[in-house]
Structures are given as structure tokens and as C-alpha cells.
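Encoded as C-alpha cells, the structure appears first; notes follow it.
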Number of protein chains: 2
Amino acid sequence: MNKPPSFEEGLLQYVEELKDESEMTEKQRNILRASVKLFAEKGFHASSTAEIAKEAGVAEGTIFRHYKSKKDILLAVVAPVLVKFAAPFILKDLREIFREQAQKPFGEIVAELYRNRLNLVGANEKHIRILLQEAFFHPEIREALIATVFEDAKAMVQKLIEAKIDAGELRPLPSQAVFRVVLSSLIGMVLFRQVLDKEDYAYYSDEEQIALTVDILLNGIGK
Amino acid sequence: MNKPPSFEEGLLQYVEELKDESEMTEKQRNILRASVKLFAEKGFHASSTAEIAKEAGVAEGTIFRHYKSKKDILLAVVAPVLVKFAAPFILKDLREIFREQAQKPFGEIVAELYRNRLNLVGANEKHIRILLQEAFFHPEIREALIATVFEDAKAMVQKLIEAKIDAGELRPLPSQAVFRVVLSSLIGMVLFRQVLDKEDYAYYSDEEQIALTVDILLNGIGK
DNA sequence: TATAAAAGTGAGTAATCACTCGCTTTTATG
DNA sequence: CATAAAAGCGAGTGATTACTCACTTTTATA
């Protein structure tokens, strides 16, 4: 009858207990830094606690003084990305973009959104990599990712889209589909920049890619 | 001075030695089937050879009679997806779409392309999941994926795009950006259908999603 | 400065890991 | 039908795994 701990009891609990780095010991910060490095390079399962200890310059026992299991380290690495990023940024940054700029043309809002998210990804490559990697295997992480990042963004952006449709600025399309294409284009830019097409992508700047993408999004590729 | 085996010596070698299932023993087929199941569920690193043997109803020694290492099993699982799928389908299916239908409107060609790829993904969920999961960790797989699937598709689609621009059917945009958006939209559909938004997505059929996506792609969302 | 709590240590542990090897059984071939 | 090769087996291997614990060192507090 014992339910496995749900992501609310599990992952989101970390959110509330989130120490910020200033109240950690030197060694504990080293453990996190080493874990991020190794997890990003070889994945969670392929990184041993012995390696982490060595990389962090710490005895193996010290790790378990701070984290009661190896998986705890993963959650401690991943939770801040999810929270400090997703939640506050989406709820604050994005809310700002939408509220303060809701009167701006949709294209400009989306461009600003893309700019914001692209910078975010660039500045936190490793953490995001770990987050996505492990989302494949740990349903709790996947669900937390969808519940915090995706659902919020979806609700907010769809609302904006519907307002812009009512205002006659956008064609009367299903907001679900519009949101999907808006998000797809963002994911596509990240994907091309980071993994698929580094050379060709590098030929254009981020700003040019954004402008092109928004142009296509608004006006289509047809003549 | 020993270079690690490149993906050509490693992965693509499997392509040529690819047994088809008919010339495998019952047990060997069971090993592959069990591996696909476990790798898809918990990932390569988290699946032990003991588990695979148990799931396949086989002695652990039997596994190593057929595959000289655990990683060999992964490559044997992944190579067929890469080759039987990517290469032939892209070089045959896609080439068919492009050649036989090049005179059709771009929208119809892309719709056909989306239909084709969406079915492919649906029919091979597990294998694709494993392929993507492990592409994070194994550079050889990632490179093979990009080299075989991505580069071919990119060259072919960009050529079509440029032809359609010359024919005056599409706006004169950089083909790189157009290709990126075309591919992004496909990835977006897959992502929404399979993981992000199962409920909302289910409200529309694949065919409707494709039609909407192509409409937006061609005509944009602006009024 | 005395004292307790917190942080750090590293040898030790049972379990599990991928893989081997000597053996038996099944299959193919002439 | 004889014989060899291929397939299958499972106990056994040393290495590695995440984690513990008795102990020492550092830090905070009164």
C-alpha cells in the first residue's frame, strides 16, 4: 500500500528545502559542481560516487553526509534548474513580457520570448542537458518538467494568442496549434544551434535566426 | 596512438553485417526483444545483462555467445533503426516523395512528408526512444544519427526548397531557415503527440494537425 | 576556553556488474 | 549415422557499485 513518493513529495520538496549556495560548505559546493560535470558528460547512471568524490576532492563518505543517496544528488542538481529557472522566469520574466508588452505586436513579443529563452539555454547548457537526459528515465523529473515549465507556459501563451486573435491581429486558428508551432520553432532553434547544425547555424547570428523565424511564423513561407 | 573506433568502423560496420531476424535463433531474437524492452524502459546503463537474460528466458552465457559485449547489444538494437529506417526510407521513400511529386505544391509535399514520418515514429516508438536516449551519451550514435538521417534529409529538402523558391512558389528566404522551421514543426508534432500534450493533441487527429501545421507554415499566423 | 554539534574521513561491506569457461545439447553436413 | 560445429548453459571471476560506520577534525556557541 506504500505509494512510491510522488514528485510532489519527492522533487518539489527539494524546491522548498533549496539551500542557496552561500549556506553550503566549500566541499558541498564541490560535490555539486563535480556532479554536474560528470552527469552532463556521461550521464547519471554511468557516474559513480567514487568518481564524484575524486573529482570534487572529497572523501566518498562526505558525499553521503550531505546527500542521503546518489539519486539525491541528481535531484539537488536538477531541482534548482527547474525552479530557479522555469517557475520564476516563466512566472516573472514571461509574465513581464506578456503584461508590460501585451500591447506590442505579437511578432515582437515572440521575438522577445525567443531571445529570453535562448539566452537562458545558452547560459545553462549543462544543467539543461542533465535535466533532459534524465527526464527520459525518471518519470518524476519528466512530470515535474511538464507540470511546472510546460503547463504554465502553455496556459499563458495560449491566452495571449487568443487575445491577439480576438484583436484581429492573428488569424483565427486553434490556439493549441499556434502554441505548438511557436514552441516548436523555439525548440528547433535551440536544437539546431546546440547539436544539429552548428556550422550553418553559426553563419547567422541568434538575432538573425530569431528575426527569420518570427517572420516565417507570422507571414509563412508561401508567396 | 590507438584511436577509439570511429562510428564508421563501429556502428556502420553493424549495418553491413546486419543479420535479418530470420537467420537468428529463437533465443537470439528473444535477447534482442528483451533488450529493446528493458533499454526503452530503464535505459542502457540501468539494464543489467542478468535482467536481459531473465527477461529473454536464456542463460546469461548465451547472450555473450551472440554479442561480444553489452554495448554490442545496444548497437545491434540501434543499427537497424538507423539503417532500415533512416537511410532506405529517406533515400527511397523521401526520394519518391520528392521526385514523383516534385511538381505538386510544396504544401502537399510537406504534408506527405509529415504523414510518412509520423507513421514511422508511431510504429517504432521504443527503438526511436532508445536511439534518442543513447544519442545523449554515445557520440558515435549521435554522429551516425546526424550523418545518416539529418544530413541527407537536409540536403534533399533544401534543394527542393530552393527549386520552389526559384519557381516563385515560395518567398525568397534562406533555405537553411526554411528547412529548420519545416523540421521543427515535424519534431514539434511528434513531441506533442508522444509526450507533452497527449490530451489536447488527441482532440485533433494526426491528419488535422498536419493540415493545420502546413497551413501555418505556408501562410503564417498573422492576418 | 570548554563542549557539543557539524563536517569530514576512508577502510570496510554486501550486492551487483559484465564477462569467462568448461561443459552439455542441438543442429547441420557429408 | 557419424562427426564436427554451433548454440546453450550456469557456476564462478575479479572489479566495481552505492552506501555505512567508527573515528577525527573543524566550527559554532555559551
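Letters A, B, ... mirror the listed sequences (proteins, then strands); counts begin at 1.
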* To do: Would you indicate, yes or no, if dC17(C) has its OP1 or OP2 atom less than 4.0 angstrom from a side-chain nitrogen or oxygen of H45(B)?
  => no
> Can you check whether T25(A) has a side-chain N or O nearer than 4.0 Å to OP1 or OP2 of dG8(C)?
Replying inline: yes
Notebook entry, point to check: Thinking salt bridges, do E207(B) and R115(B) make one under a 4.0 Å N-O criterion?
Noted result: yes
With sequence neighbours left out, the residues meeting salt bridge (charged side-chain N to carboxylate O under 4.0 Å, His left out) with R33(B) are none
Taking only nitrogen or oxygen atoms into account, show me every contact under 3.5 Å that the protein makes with nucleotides 9-14 of chain C, one pair per line with its distance.
residue : atom : partner : partner atom : Å
dT9(C)  : OP1  : K27(A)  : NZ           : 3.1
dT9(C)  : OP2  : A59(A)  : N            : 3.1
dT9(C)  : OP2  : T62(A)  : OG1          : 2.7
dT9(C)  : O4   : R65(A)  : NH2          : 3.2

Salt bridge check, E162(A) against K159(A): does any charged N sit closer than 4.0 Å to a carboxylate O? no
message: Side-chain N or O of T49(B) versus OP1/OP2 of dA18(C): is the shortest distance under 4.0 Å?
response: yes
Hits for salt bridge (charged side-chain N to carboxylate O under 4.0 Å, His left out) against K154(A), two or more places apart or cross-chain, chain-then-number order -> D197(B), D200(B)
To the nearest angstrom, the CD1-C1' distance between I52(B) and dC9(D) comes to 17 Å
In whole angstroms, the gap separating C1' of dA7(C) from CD1 of I31(A) amounts to 10 Å
From NZ of K68(B) across to C1' of dC21(C) the rounded distance in Å is 19 Å
When rounded to whole Å, the CG to C1' distance for the pair L38(A) and dT17(D) reads 15 Å
Rounded to whole Å, OH of Y67(A) lies from P of dA7(C) at a distance of 12 Å
K54(B) atom NZ is separated from dT16(C) atom P, nearest whole Å, by 11 Å
- Query: Does S48(B) have a side-chain nitrogen or oxygen under 4.0 Å from the phosphate oxygens OP1 or OP2 of dT16(C)?
  - Reply: no
* To do: Identify whether the distance between the nearest side-chain nitrogen and carboxylate oxygen of E51(A) and K54(A) falls below 4.0 Å.
  => no
Closest of dA7(D), dC19(C), dC19(D) to the K70(A) side chain is dC19(D)
Check: So, is H66(A) close to the dA6(C) phosphate, meaning a side-chain N or O under 4.0 Å from OP1 or OP2?
Finding: no
>> Quick check: F44(B) with F136(B) (ring centres under 6.0 Å apart)?
In response: no
Separation of dT13(D) atom C1' from F64(B) atom CZ, nearest Å, is 13 Å
With S35(B) as partner, the option from V77(B), I63(B), I130(B) fulfilling side-chain contact (heavy atoms from CB on, under 4.5 Å) is V77(B)
Taken to the nearest whole Å, CD/Q28(A) to P/dA6(C) is 14 Å
